[in-house]
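In what follows, residues are counted from 1 in the order of the sequence shown. Treat the numbers as computed from the prediction; the structure is a model and nothing was measured.
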Amino acid sequence: MAGDQGEFRGGERGTAMISGVEFGPRPVIFSRVDGLAIFEGDIVLGTVDQLERQLAEARRHAATGDLATAIGISGTRFRWPGALVPYEIDPALPNPARVTDAVAHWEANTRIRFVVRTAANAARFPDYARFSDQGGCSSFVGMQGNGAQTLSLGTGCSTGNVIHEIGHAVGLWHEQSREDRDMFVRINWANIQPGREHNFDQHLTDGDDRGAYDYGSIMHYPRTAFSANGQDTIVPLSPGVPIGQRTALSAGDVAGVHEMYPAR
């Protein structure tokens, strides 16, 4: 197992095809970490083997003009039905209070609700989030629909990190991945660790940009993400604006989640 490097783990590069709620299949670069395909430091795309098989299939279908049919998925596929997230906590997870505190924060600020999955209700909730320590902080984006999906919480992952990873699990990407990000931040490519530049690529269409750019989002990278020298890799174009907080959901985070999960 690789060392616990929080949200910013990296490894040998690979290529995968992903689809979003409002964009079609497109290639992205990921890092190979402990057999997982890690995107932008903490987003799990799947296992490396799975992604490589999907890429081979995508290439085969692309040759016949049928790429979208091969790997495209609809937006509802990523939503937790009824805005309810069933979850369980690995009994071996250190400091489980960081999970329950993060869950309480989400419930206090959004219409997302959580229910502990037990033996008694397991049949009702075949798809669920499972919090365990797999090294570092990471999560899939949105509901995967294939049973348990792991939110990894290494020993260095705080309650704020858990809030961030739950954000991915309900469907939020990183804020600085937006199409319009270069209007609001400058990426200092020279300060980024060699081989980690792909974590700053923009692969999401404007269809996934929800609301105004939010410097205060809990989903935003901090200034020194993937820094090779301790210097800033991301600089806000509005002087003095803080970025990368891991304390609480911002108003923009809440608005974006409520757009994805409208009131019924």
Side-chain angles (χ1 to χ4, degrees), residues 1-11 30-47 80 85-110 112 114 116-117 128-144 148-177 193 196 199-200 214 216-227 230 233-234 242-250 253-254 256-257:
M1 194 63 73
D4 184 352
Q5 300 171 46
E7 295 173 31
F8 306 107
R9 294 188 290 172
F30 63 82
S31 294
R32 303 167 190 264
V33 180
D34 297 331
L36 295 177
I38 302 292
F39 179 61
E40 294 183 355
D42 71 331
I43 295 173
V44 181
L45 300 180
T47 68
W80 294 91
V85 181
Y87 75 97
E88 67 179 28
I89 302 174
D90 184 341
L93 181 72
N95 187 19
R98 54 189 165 151
V99 175
T100 53
D101 288 348
V103 164
H105 178 78
W106 270 90
E107 291 198 328
N109 290 280
T110 76
I112 302 293
F114 299 78
V116 176
R117 186 176 184 269
Y128 59 101
R130 188 171 196 273
F131 296 89
S132 67
D133 182 359
Q134 301 298 313
C137 319
S138 62
S139 173
F140 291 89
V141 174
M143 189 190 76
Q144 299 302 293
Q149 61 185 76
T150 297
L151 281 78
S152 178
L153 303 176
T155 54
C157 302
S158 66
T159 297
N161 291 127
V162 183
I163 296 171
H164 174 99
E165 299 306 336
I166 291 175
H168 285 316
V170 301
L172 294 176
W173 296 95
H174 287 128
E175 188 71 8
Q176 79 287 334
S177 293
Q193 299 168 23
R196 304 290 183 261
N199 293 296
F200 296 83
D214 185 6
S217 172
I218 201 168
M219 306 309 294
H220 204 299
Y221 271 4
R223 285 177 172 264
T224 58
F226 291 101
S227 179
T233 54
I234 305 178
I243 58 173
Q245 61 89 8
R246 293 294 181 268
T247 302
L249 293 165
S250 70
D253 294 329
V254 173
V257 169

Can a donor-acceptor pair be found, under 3.5 Å and without considering hydrogens, that links the side chain of [X] to the backbone of [Y]?
X	Y	value
E107	I112	no
E175	D214	yes
R98	N95	yes
T224	S227	no
R246	I218	yes
D90	A92	yes
W106	I166	no
W80	A169	yes

[X] versus [Y], closest heavy-atom pair with distance:
X	Y	answer
S250	S217	OG-CA, 3.7 Å
D253	A248	OD2-O, 4.5 Å
G136	S152	O-OG, 3.0 Å
L151	A129	CD1-CB, 3.7 Å
N199	G41	OD1-N, 3.3 Å
E165	S138	OE1-C, 3.4 Å

Any luck finding a side-chain donor-acceptor pair between [X] and [Y] under 3.5 Å?
X	Y	result
S177	E40	yes
Q134	S132	yes
D42	H168	yes

### Task
Any chance you could lay out the side-chain contact (heavy atoms from CB on, under 4.5 Å) test for V44 and F39, step after step, and finish with the verdict?
CA-CA 6 Å; V44 181; F39 179 61; over 6 Å; no
### Message
Does I38 form a side-chain contact (heavy atoms from CB on, under 4.5 Å) with V33? I'd like the steps, not just the answer.
### Response
CA-CA 7 Å; I38 302 292; V33 180; 3.8 Å; yes
Within this structure, what is the [atom1]-[atom2] distance for the pair [X] and [Y], rounded to the nearest 0.5 Å?
X	Y	atom1	atom2	result
I163	H105	CD1	NE2	4.0 Å
L153	S139	CG	OG	9.0 Å
L93	E88	CG	CD	11.5 Å

### Query
Are side-chain heavy atoms of T100 and I89 found at a separation under 4.5 Å?
yes
### Y87 and Y128, any side-chain heavy atoms less than 4.5 Å apart
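A side-chain contact under 4.5 Å is absent here.
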### Task
Using the side-chain contact (heavy atoms from CB on, under 4.5 Å) rule, take I43 and W173 through it: C-alpha gap first, then chi angles, then the decisive distance, then the call.
CA-CA 9 Å; I43 295 173; W173 296 95; 3.8 Å; yes
### Message
Angle between ring planes, Y221 versus F226, binned at 30° and 60°: parallel, tilted or perpendicular?
### Response
tilted
### Task
Determine, step by step, whether V257 and L172 satisfy the side-chain contact (heavy atoms from CB on, under 4.5 Å) criterion, reporting the C-alpha distance in whole Å, the side-chain angles of both residues, the deciding distance to 0.1 Å, and the verdict.
CA-CA 8 Å; V257 169; L172 294 176; 3.8 Å; yes
### Distance flag, aromatic centroids of H174 and H164, threshold under 6.0 Å
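They qualify: ring centres under 6.0 Å apart.
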